[in-house]
Amino acid sequence: MILEQKIPFTKMHGLGNCYIYLDGITNKLSVPSFPDLSMKVSDPYKGIGSDGLILILPSDQADVKMRIFNKDGSEAMNCGNGLRCVAKYAYEHHLVQAERFSIETLSGNKQAQVHVKNGVVEQVTVDMGEPILERGLIPVAGGNETEKVIREKLIVDGVTYTFTGVSMGNPHALFFVDHIDKAPIHKLGAKLADTDPLFPNGVNVGFVQKLTDHEVNYRVWERGSGITQACGTGACASVVASILEEKVVKDVPVTVHLEGGDLTIEWRSDTNHVLMTGDAETICEGFYLQQ
Ligand SMILES: N[C@H](CCC[C@H](N)C(=O)O)C(=O)O
């Protein structure tokens with residue numbers, strides 16, 4: 001007789017980038033393998049259906065801690081949409097008392113500010129910290145470890161592309177296109193995201209179309225999850241890359257249009273930090289029956 005274990009979960013999304021959230025502060029989590037659980041719950045047919053799994057845990061260096069696992073079970077260093085949903089969950093479930101608090105991630109502590117209306121968090125602003133631009137730290141293979149990766153040439157199947165590399169704690173390659181609907185997202189996403197030697201840790205493959213000096217379209221094939229409706233760290237990286245490629249200006253809020261909705265991103269000169277503001281929504285709550 002296999003004993004089923006009922007795992008309480010909350011499904012939330014940031015602009016359609018949805019995850020299964022486990023509250024490890026309120027509940028005791030006895031899960032043998034989070035990577036395996038992420039792969040199981042992410043399955044839309046045999047599981048719950050999501051882009052991955054996010055844990056909300058106690059922290060000894062911040063108010064709460066976030067761990068994020070992609071659909072393939074790989075653990076990532078950061079997740080922008082996840083941070084906004086963790087902030088919403090923590091505030092609405094009284095895991096924190098103030099409207100401004102810190103969230104520990106594998107890429108450092110991030111400051112979150114919830115925007116509350118009638119006790120409900122509608123939007124969240126997260127200080128995503130400084131972008132990481134050195135080749136050796138993104139990482140991108142080859143070249144000089146300390147140089148920036150701006151408009152680097154890449155030949156795939158005889159076609160020459162250029163990309164800019166940005167890390168928000170997790171690696172992103174940004175390709176600029178004239179029309180977002182014509183971005184080679186399947187061709188370059190499938191080739192580069194998880195196993196290409198140019199990106200030793202894999203890479204989130206993003207496509208950016210400049211619309212105005214403060215507005216871009218952005219689409220993404222995520223490392224470990226494939227095409228998603230939105231990527232918060234990717235939206236931040238798209239604005240940093242747009243500024244590095246002199247397509248938009250710094251210190252101006254930039255509207256990033258993603259498949260699932262809009263984010264407001266600002267790369268500040270005074271702090272060199274990137275600020276992200278956007279929605280966070282709860283879809284449902286339930287119990288996952290783990291055999
Ligand atoms: N796939 C990403 C993690 C999720 C990031 C994304 N969902 C976001 O909102 O930032 C990676 O492996 O780096």
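Read the numbers this way: they start at 1 and go in the same order the structure lists the ligands and their atoms.
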Asks: For I68, counting its heavy atoms only, list the atoms of ligand 1 lying under 4.0 Å from any of them.
Replies: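 Once the distances to I68 are compared, the set is 3 (C), 4 (C).
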Asks: For ligand 1, find out whether one of its N or O atoms is nearer than 3.5 Å to an N or O atom of N78.
Replies: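 The answer is no, given that N78 and ligand 1 share no N or O pair closer than 3.5 Å.
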Asks: Which label fits H93 and Y89: parallel for a plane angle under 30°, tilted from 30 to 60°, or perpendicular past 60°?
Replies: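 Parallel: the ring planes of H93 and Y89 meet at under 30°.
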Asks: Please confirm whether G224 comes under 4.0 Å of ligand 1, counting heavy atoms of the residue only.
Replies: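 G224 does not count as a contact of ligand 1 under the 4.0 Å cut-off.
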Asks: Are the side chain of K71 and the backbone N or O of S42 linked by a donor-acceptor pair below 3.5 Å?
Replies: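 No, because the side chain of K71 does not come within donor-acceptor range (under 3.5 Å) of the backbone of S42.
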Asks: Tell me, which protein residue and heavy-atom name are nearest atom 2 (C) of ligand 1, and how many Å apart are they?
Replies: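 It is N204 OD1, 3.3 Å.
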Asks: Do the side chains of K210 and E245 get close enough for a salt bridge, i.e. N-O under 4.0 angstrom?
Replies: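 Salt bridge: no.
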Asks: With a 4.0 Å heavy-atom cut-off (strictly under), which part of N70 contacts ligand 1: side chain, backbone, both or neither?
Replies: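 It is the side chain that gets close, since no backbone atom is under 4.0 Å.
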Asks: Looking at D196 and K191, does any basic side-chain N land under 4.0 Å from a carboxylate oxygen?
Replies: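 Yes, D196 and K191 are salt-bridged.
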Asks: For atom 10 (O) of ligand 1, what's the nearest protein heavy-atom neighbour? Residue, atom name and distance, please.
Replies: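 Result for atom 10 (O) of ligand 1: T233 OG1, 2.6 Å.
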Asks: Any idea which atoms of ligand 1 are less than 4.0 Å away from a heavy-atom of N170?
Replies: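 Here the atoms of ligand 1 in question are 2 (C), 5 (C), 11 (C), 13 (O).
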Asks: For atom 5 (C) of ligand 1, which candidate among H172, Q229, M77, E222 provides the closest heavy atom?
Replies: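 Ranked by closest heavy atom to atom 5 (C) of ligand 1, first place is E222.
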Asks: Within the 4.0 Å heavy-atom shell around A76, which atoms of ligand 1 are there?
Replies: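 Reading through ligand 1 atom by atom, the close ones are 3 (C), 11 (C), 12 (O), 13 (O).
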Asks: Between Y161 and K187, is any side-chain donor less than 3.5 angstrom from a side-chain acceptor?
Replies: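 Per modelled atom types, Y161 and K187 side chains form a pair under 3.5 Å.
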Asks: Just let me know how Y19 lines up against ligand 1, side chain, backbone, both or neither, with a heavy-atom cut-off below 4.0 Å.
Replies: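 Just the side chain.
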Asks: Kindly give the cluster partners of Y45, where membership spreads through any ILVMFWY side chain lying under 4.5 Å from a current member.
Replies: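 None; Y45 is a cluster of one.
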Asks: Hey, is CG on D251 packed in by over 12 heavy atoms from elsewhere, all under 6.0 Å?
Replies: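 Buried by this count: over 12 neighbours within 6.0 Å.
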Asks: Report yes if G80 has an N/O atom closer than 3.5 Å to an N/O atom of ligand 1; otherwise report no.
Replies: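 Yes - when backbone and side-chain N and O of G80 are compared with those of ligand 1, one distance drops under 3.5 Å.
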Asks: Main chain of T277, side chain of Q123: is a donor-acceptor contact present, judged purely on distance under 3.5 Å?
Replies: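 Checking the backbone N and O of T277 against the side chain of Q123, no donor-acceptor pair under 3.5 Å is found.
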Asks: Between T228 and ligand 1, find which residue part has any heavy-atom pair under 4.0 Å and reply side chain, backbone, both or neither.
Replies: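 No part of T228 is near ligand 1 at this cut-off.
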Asks: Whether the N109 and E104 side chains hold a donor-acceptor pair (N or O, under 3.5 Å, no angle test) is what I'd like checked.
Replies: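 No donor-acceptor contact under 3.5 Å links the two side chains.
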Asks: Tell me the contacting part of N17 for ligand 1: side chain, backbone, both, or neither, using a 4.0 Å heavy-atom threshold, strictly below.
Replies: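 Only the side chain of N17 comes within reach of ligand 1.
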Asks: Check this for me - ligand 1, S225, N or O atoms closer than 3.5 angstrom, yes or no?
Replies: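 There is no such contact.
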Asks: Hey, looking at atom 9 (O) of ligand 1, which of C85, G232, C18 has the closest heavy atom?
Replies: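 Ranked by closest heavy atom to atom 9 (O) of ligand 1, first place is G232.
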Asks: Are there more than 12 heavy atoms of other residues, nucleotides or ligands under 6.0 Å from atom CD of Q61?
Replies: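 Enclosed: over 12 neighbouring heavy atoms sit under 6.0 Å from CD of Q61.
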Asks: Using a strict cut-off of 4.0 Å, indicate which atoms of ligand 1 neighbour a heavy atom of C231.
Replies: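 The atoms of ligand 1 under 4.0 Å from a heavy atom of C231 are 6 (C), 8 (C), 9 (O), 10 (O).
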